[in-house]
Asks: 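What follows is a single structure, and I will ask about it in a moment.
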Amino acid sequence: MKKFVCTVIEKLEYVDYALVIALWVIGAVLTILGFPWITLGIVAMHFTELVTIGLKAGKRGGESIFYSIAMCMMFGFTWWVPLKVRTNQFDF
């Protein structure tokens, strides 16, 4: 099951990026309207991912620390899962 999920995420990487950007835009609009909880939730979730797995995945994948921070904070697991699959960091 894990291999299937990782494969689907890798195949749909750019669709995932578009959906995450749309979620950020929705969060920004709602924040302007006085409902910041979606944006705060995304930031908290992505920061947790960054600290626990994003930096390690980026380093092992050959990415710079600044690139890893930017991509993990922007896209979260839709960035690091395909990176880990491409660089054979997953053992199934």
Side-chain angles (χ1 to χ4, degrees):
M1 183 64 171
K2 184 193 281 187
K3 186 174 184 175
F4 172 74
V5 170
C6 292
T7 304
V8 168
I9 289 172
E10 185 182 26
K11 299 283 186 209
L12 300 174
E13 185 174 0
Y14 295 110
V15 173
D16 293 339
Y17 285 175
L19 292 173
V20 172
I21 289 170
L23 184 61
W24 276 109
V25 169
I26 291 167
V29 169
L30 289 174
T31 298
I32 291 168
L33 296 175
F35 187 76
W37 305 114
I38 291 176
T39 303
L40 292 173
I42 296 169
V43 169
M45 183 174 49
H46 286 185
F47 183 76
T48 303
E49 285 179 303
L50 174 68
V51 173
T52 59
I53 199 163
L55 289 175
K56 293 178 209 166
K59 184 176 180 180
R60 290 183 188 151
E63 303 294 351
S64 73
I65 190 166
F66 298 113
Y67 182 79
S68 298
I69 290 170
M71 291 300 284
C72 195
M73 286 304 293
M74 183 67 186
F75 298 111
F77 79 92
T78 61
W79 169 72
W80 60 259
V81 169
L83 175 68
K84 288 182 84 156
V85 171
R86 279 192 304 272
T87 57
N88 295 319
Q89 295 181 45
F90 272 125
D91 60 352
F92 295 103

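Because the structure is predicted, anything quoted here is derived from the model rather than measured. Counting begins at 1 with the first residue of the sequence.
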Asks: Is there side-chain contact between Val43 and Trp24, with at least one heavy-atom pair below 4.5 Å?
Replies: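 SC-SC contact between Val43 and Trp24 confirmed.
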Asks: By ring-ring contact (aromatic ring centres under 6.0 Å, His included), which residues pair with Phe77, not counting sequence neighbours?
Replies: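 Phe77 satisfies ring-ring contact (aromatic ring centres under 6.0 Å, His included) with no residue once adjacent residues are dropped.
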Asks: ring-ring contact (aromatic ring centres under 6.0 Å, His included) with Phe47: which residues, sequence neighbours excluded?
Replies: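 ring-ring contact (aromatic ring centres under 6.0 Å, His included) list for Phe47, sorted by chain: empty.
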Asks: Report whether Met45 and Val25 are members of the same hydrophobic cluster (ILVMFWY, side-chain heavy atoms less than 4.5 Å apart, transitive linking).
Replies: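 Shared cluster, no.
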Asks: If you define the side chain from C-beta out and look only at heavy atoms, does anything of Leu23 sit under 4.5 Å from Ile42?
Replies: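 In short, these two side chains touch, coming nearer than 4.5 Å.
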Asks: Should Ile32 and Leu30 be regarded as members of a common hydrophobic cluster, given that ILVMFWY residues are connected when their side-chain heavy atoms come within less than 4.5 Å of each other, either directly or indirectly?
Replies: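 Unlinked, Ile32 and Leu30 end up in two clusters.
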Asks: If you compare all heavy atoms of Tyr17 against all heavy atoms of Thr78, which two are closest, and at what distance to 0.1 Å?
Replies: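 Heavy atoms only, the tightest pair is CE2-O, 3.4 Å.
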Asks: Do other residues, nucleotides or ligands put more than 12 heavy atoms under 6.0 Å from Ile65 CD1?
Replies: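 Incorrect, the count does not exceed 12.
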Asks: Look up atom CZ in Phe35 and atom CG in Leu40, then write down how far apart they are to the nearest 0.5 Å.
Replies: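 The distance works out to 10.0 Å.
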Asks: List the atom pairs, with distances to 0.1 Å, where a side-chain N or O of residues 52-59 and a protein N or O form a donor-acceptor pair under 3.5 Å, not counting sequence neighbours.
Replies:
residue : atom : partner : partner atom : Å
Thr52   : OG1  : Thr48   : O            : 2.8
Lys56   : NZ   : Thr52   : O            : 3.3

Asks: State, yes or no, whether a side-chain contact exists between Lys84 and Val81 at a heavy-atom distance under 4.5 Å.
Replies: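 When only atoms from C-beta onward are counted, Val81 and Lys84 do not touch, as no gap falls below 4.5 Å.
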Asks: Rounded to the nearest 0.5 Å, how far does CE of Met73 lie from OG of Ser68?
Replies: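 One finds 13.0 Å between OG of Ser68 and CE of Met73.
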Asks: Would you say the side chain of Ile21 lies within less than 4.5 Å of the side chain of Met74, judging by non-hydrogen atoms?
Replies: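 Contact flag for Met74/Ile21 side chains = yes.
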Asks: So do Asp16 and Trp79 actually touch side chain to side chain, heavy atoms under 4.5 Å?
Replies: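 Sidechains of Asp16 and Trp79: no contact.
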Asks: Just by distance, do the side chain of Thr39 and the backbone of Thr31 share a donor-acceptor pair under 3.5 Å?
Replies: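 Judged by distance alone, no pair lies under 3.5 Å.
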Asks: Just wondering, are more than 12 heavy atoms of other shown residues or ligands nearer than 6.0 Å to CZ in Arg60?
Replies: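 No, the 6.0 Å shell around CZ holds no more than 12 heavy atoms from other groups.
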Asks: Provide the closest heavy-atom pair for Phe75 versus His46 in the form atom of the first, atom of the second, distance.
Replies: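 Looking at all heavy atoms of both residues, the shortest contact is C-CE1, 3.7 Å.
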